[in-house]
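Quick notes on the structure that follows.
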Amino acid sequence: MERVADAFGFTLRRIEEATRLFNLFHEYGSGSGGRGHKVTAVAALRVASLNAGMPVPVAKLAKAHSEKPSVKVVNRFLSDARANNLFDINRLDAVEIVSHLASKIETPPEMLKEALEIAKETVPNIRAVDHACAALMLAASKEAKTRPRRFSGAAIARVAMIDRKGVYRAAEALRNLNRPLVLVNPQQAENKMIPSTVVKQLRRIRRQ
C-alpha cells in the first residue's frame, strides 16, 4: 500500500490515515469473499485521498497496485462501508488545499498570500480542489509579469492529480466574480415596431 501511496505523492499524514482505514476495513471484513488485501488497500487509499481534498480515482489506484484489483469490487465495498458508517468524507476546504499545494510547489510568500485570499472567495458549484488550483494560477498571474510554467493550470492540475479543465472552469468563475456588472438600457437594444394603424395612415397620405 505504501508503494502505491508513494507513487501518487501521498504525504506521511495521508499514509497514516490510509493505514488507519486499512485496519478498520480489514476488521470489517473487506478482504473476505475472495477480495483480498488488494481491495482493502485501494479502498483505504481512495478514502484517504478524499479526506485530504486531493482525490485520486479508484481506477488509477487499482492500476498502480501490483495485484490490479477490480474497480467495481472496490467501489462496491466502499458503497457498503459508507452505508454502514465505517467512514465519512471530511473534505478540506480550498484554503487548506492551497496550503497543501504550496508545500509541493515552490510558492513565493506574497503569491501564497494572494492565493489564500482568492481561495476564500465563495464560488457556487465548484469543487474545493479546483478552486484551490485556480487560486494559485490566478495569484501567479497577478504577482509575476510572466507566470512561471509550474503555475500553469495544467501543471498545478498534475500536482493535484485532477483534470485541468476543472481548474480552468474555476478560474473563469473566479474572474467573473470581480467583473463589474454592465447594465444595458433595454430600450436602446429594442427595435421599436410602428403600430399597424400608423402604417395604414401613412399609406393613405402617400396615395393622396
Side-chain angles (χ1 to χ4, degrees), residues 4-15 17-18 42 45-64 71 75 78 82 87-186 189:
V4 178
D6 287 340
F8 288 97
F10 278 42
T11 62
L12 179 60
R13 183 176 177 181
R14 290 168 74 187
I15 292 174
E17 172 69 359
V42 171
L45 290 168
R46 168 63 174 171
V47 177
S49 74
L50 288 169
N51 283 340
M54 308 284 284
V56 182
V58 171
K60 288 188 175 182
L61 292 168
K63 186 177 180 180
V71 173
N75 284 331
L78 285 172
R82 185 74 178 272
F87 69 92
D88 192 15
I89 304 301
N90 302 310
R91 300 181 189 276
L92 300 181
D93 61 22
V95 173
E96 293 170 308
I97 297 173
V98 164
S99 299
H100 178 71
L101 288 169
S103 68
K104 291 190 169 188
I105 305 172
E106 185 183 345
T107 307
E110 288 302 312
M111 190 179 295
L112 175 57
K113 183 179 178 181
E114 176 66 21
L116 290 171
E117 287 301 314
I118 297 173
K120 292 176 185 176
E121 299 274 9
T122 301
V123 188
N125 303 320
I126 293 293
R127 295 189 309 167
V129 64
D130 293 331
H131 185 168
C133 291
L136 268 178
M137 184 182 78
L138 294 175
S141 300
K142 284 186 177 181
E143 293 296 321
K145 291 181 179 179
T146 303
R147 184 177 64 201
R149 188 169 296 178
R150 67 183 184 278
F151 288 110
S152 70
I156 297 172
R158 280 195 296 272
V159 174
M161 291 178 285
I162 61 172
D163 187 348
R164 63 183 177 182
K165 292 180 182 178
V167 178
Y168 294 135
R169 280 195 295 268
E172 185 60 24
L174 285 163
R175 290 190 189 101
N176 288 334
L177 285 178
N178 299 314
R179 283 179 183 162
L181 181 63
V182 178
L183 299 177
V184 177
N185 187 342

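Numbers here are sequence positions counted from 1.
Closest of all the heavy-atom pairs between R164 and A157 is CA-CB, 3.7 Å. Of all the heavy atoms in A170 and A134, the pair that sits closest is CB-CB, 3.7 Å. When all heavy atoms of V123 and L177 are compared, the closest pair comes out as CG2-CD1, 3.7 Å. Nearest heavy atoms, A94 versus A132: O-CB, 3.5 Å. Contact detail for K60 and F8: the closest heavy-atom pair is O-CZ, 3.5 Å. Nearest heavy-atom pair, C133 versus L101, reported as atom, atom and distance to 0.1 Å: SG-CD1, 3.8 Å.
Expressed to the nearest 0.5 Å, how far CZ of R149 lies from OG of S152 amounts to 8.5 Å. With values rounded to the nearest 0.5 angstrom, L136 atom CG is found 11.0 Å from S141 atom OG. Atom CZ of residue R46 and atom CZ of residue F87 lie 9.0 Å apart, to the nearest 0.5 angstrom. One finds the CZ atom of F151 at 12.5 Å from the CG atom of L138 (value rounded to the nearest 0.5 Å).
Using a 4.5 Å heavy-atom threshold, the side chains of I126 and L174 count as separate. No side-chain heavy atom of E106 sits less than 4.5 Å from a side-chain heavy atom of P148. Here the side chains of R14 and N51 are not in contact, with every heavy-atom distance at 4.5 Å or above. Taking 4.5 Å as the limit, every side-chain heavy atom of L45 sits out of range of all side-chain heavy atoms of V56. No side-chain heavy atom of D130 sits less than 4.5 Å from a side-chain heavy atom of D163.
When atom types are taken as modelled, the side chain of E172 and the backbone of R169 share no donor-acceptor pair closer than 3.5 angstrom. R150 places no side-chain N or O within donor-acceptor distance of the main-chain N or O of I156, the cut-off being under 3.5 Å.
In this structure, K104 places its NZ atom where more than 12 heavy-atom neighbours from other residues, nucleotides or ligands lie under 6.0 Å away. More than 12 heavy-atom neighbours from other residues, nucleotides or ligands sit within 6.0 angstrom of CZ on R82.
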(request) Just do the side chain to side chain contact (heavy atoms under 4.5 Å, CB included) check on I15 and D6 with the steps written out, would you? (result) CA-CA 9 Å; I15 292 174; D6 287 340; 3.9 Å; yes
Result block: side-chain N/O donor-acceptor pairs under 3.5 angstrom for residues 107-120, not counting sequence neighbours:
unit_1, atom_1, unit_2, atom_2, d
T107, OG1, I105, O, 2.8
E114, OE2, K142, NZ, 3.2
E117, OE2, K120, NZ, 3.3

